[in-house]
J.: 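Below you'll find the structure I mean.
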Amino acid sequence: MKTAIKSIITACTLVLFTWLAVPSHGQTTPANADVSAKLPAAAQDSDVPGVTNIVLVHGAFVNASSWSKVIPLLEAKGLHAVAAQIPLTSFADDIAATKRAIALQEGLVLLVGHSYAGAVITEAGNDPKVAGLLFVAAFAPAEGESVSDIAKTYPAAPGSTEVRPDNFGYLKLTARGMDEDIAEDLSPSERKVLTATQGPTAAADFGAKVVNAAWKSKPSWYVVAGNDRMVSPKLEQDTADRIKAKSITIPSSHIVMLSHPRELASFIEEAAKTVTVK
């Protein structure tokens, strides 16, 4: 009996010493240990390429559904895409809505803005979760500039004559403007839906000044709409050059995301995969 008990004690002692010898059971890693050797390669590198979260911000006279063709294409590429519904009631309100959308994402994001929303992402893009900015036929004001400040330095676009004010400080685009100047390369049924669902835009939005331009400190991409009748293609190309963005030109109307969703989704995917995360 004594012999059996002695054997059991010996066996337990051996198990205990074996358990204590394994570092994962509470031992502290020595100060001079090479911790990086135990980490995945991505964790060792401070500059990791790529993000998977895409936040899409619509412009004036439309709503978040304008991204309806792009979202499934991005999702099919393994990206997580959401469209922020900005109220178009004020520049501050639009920035706040965009920041709420950014905050809901798990991890860093590529922030995409169309038209007027280029100004919105220029300001909202200072959020630390934003890794890069992508402008689609968009304005990108510098500090102290507004959308109107930039637009007035170029000849008036044809579509500007189809904007109508109401009695409440808001603007809407006429059906003719939607048919001929924003979405002329969409089907008649699509244009009718856009006209019926367009969001009234506060006139003051276009005069609001940017305080801190995120494109000055973050990488940027730009899509020029080559057939744009709402924003001058020359203005768009000049903007891309000014912010030092990687740019492409798509032979599209102003509403690029609905008329050329595949080309746009591919460019967004490229930006998302190559943006450097620090």
J.: Applying ring-ring contact (aromatic ring centres under 6.0 Å, His included), which residue pairs with at least one partner in residues 104-130 are found, sequence neighbours left out?
T.: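 For residues 104-130, and leaving out neighbouring residues, the ring-ring contact (aromatic ring centres under 6.0 Å, His included) pairs sorted by first residue read H114-H254, Y116-F206.
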J.: Output every pair passing ring-ring contact (aromatic ring centres under 6.0 Å, His included) with a member in residues 139-171, not counting sequence neighbours, ordered by first then second residue.
T.: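 Non-adjacent pairs meeting ring-ring contact (aromatic ring centres under 6.0 Å, His included): zero.
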J.: Is there a donor in the side chain of T89 and an acceptor in the side chain of D93, or the other way round, less than 3.5 Å apart?
T.: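 Yes, D93 and T89 have a side-chain donor paired with an acceptor closer than 3.5 Å.
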J.: For the pair K218 (side chain) and L133 (backbone), establish whether a donor and an acceptor sit closer than 3.5 Å, ignoring hydrogens and angles.
T.: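 No, because the side chain of K218 does not come within donor-acceptor range (under 3.5 Å) of the backbone of L133.
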J.: Would you check if the side chain of E236 reaches a backbone N or O of A225 as a donor-acceptor pair within less than 3.5 Å?
T.: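 Yes; at least one donor-acceptor contact below 3.5 Å.
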J.: Please collect all ring-ring contact (aromatic ring centres under 6.0 Å, His included) contacts where either partner lies in residues 51-91, sequence neighbours excluded, each pair once.
T.: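 Qualifying pairs, neighbours excluded: none.
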J.: Would a distance-only check, ignoring hydrogens and angles, find a side-chain to backbone donor-acceptor pair under 3.5 Å from W215 to P141?
T.: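 Flag set: sc W215 to bb P141 pair under 3.5 Å.
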J.: Heavy atoms only: give me the nearest I250-E263 pair and the separation to one decimal.
T.: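 Smallest interatomic distance, heavy atoms only, reads CD1-CB, 3.8 Å.
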J.: May I have the list of side-chain donor-acceptor pairs in residues 180-187 shorter than 3.5 Å, sequence neighbours left out?
T.:
{"unit_1": "E180", "atom_1": "OE1", "unit_2": "R176", "atom_2": "NE", "d": "3.3"}
{"unit_1": "D181", "atom_1": "OD1", "unit_2": "R229", "atom_2": "NE", "d": "2.8"}
{"unit_1": "D181", "atom_1": "OD1", "unit_2": "R229", "atom_2": "NH2", "d": "3.0"}
{"unit_1": "D185", "atom_1": "OD1", "unit_2": "S253", "atom_2": "OG", "d": "2.6"}
{"unit_1": "D185", "atom_1": "OD2", "unit_2": "S253", "atom_2": "N", "d": "3.0"}
{"unit_1": "D185", "atom_1": "OD2", "unit_2": "S253", "atom_2": "OG", "d": "3.4"}
{"unit_1": "D185", "atom_1": "OD2", "unit_2": "S259", "atom_2": "OG", "d": "3.4"}
{"unit_1": "S187", "atom_1": "OG", "unit_2": "S189", "atom_2": "OG", "d": "3.1"}
{"unit_1": "S187", "atom_1": "OG", "unit_2": "E190", "atom_2": "N", "d": "3.2"}
{"unit_1": "S187", "atom_1": "OG", "unit_2": "E190", "atom_2": "OE1", "d": "3.2"}

J.: Checking K77 now: which residues fulfil side chain to side chain contact (heavy atoms under 4.5 Å, CB included) with it, not counting sequence neighbours?
T.: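 K77 satisfies side chain to side chain contact (heavy atoms under 4.5 Å, CB included) with A265, S266, E269 only.
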J.: Between D166 (side chain only) and G169 (backbone N and O only), is there a donor and an acceptor less than 3.5 Å apart?
T.: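 A pair under 3.5 Å: yes.
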J.: Judged by atom type as modelled, is there a donor-acceptor pair below 3.5 Å linking the side chain of E143 to the main-chain atoms of V210?
T.: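 The answer is no, because no donor-acceptor pair under 3.5 Å joins these two groups.
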J.: Is the shortest distance from a Lys or Arg side-chain nitrogen in K99 or D127 to a carboxylate oxygen in the other one below 4.0 Å?
T.: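 Looking at K99 and D127, the cut-off is not met.
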J.: Without swapping roles, check the side chain of E123 against the backbone of V211 for a donor-acceptor pair under 3.5 Å.
T.: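 Answer holds: yes.
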J.: For D241, enumerate each residue passing the salt bridge (charged side-chain N to carboxylate O under 4.0 Å, His left out) test, keeping only those at least two apart in sequence or located in another chain.
T.: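 With neighbours one apart ignored, the set is empty.
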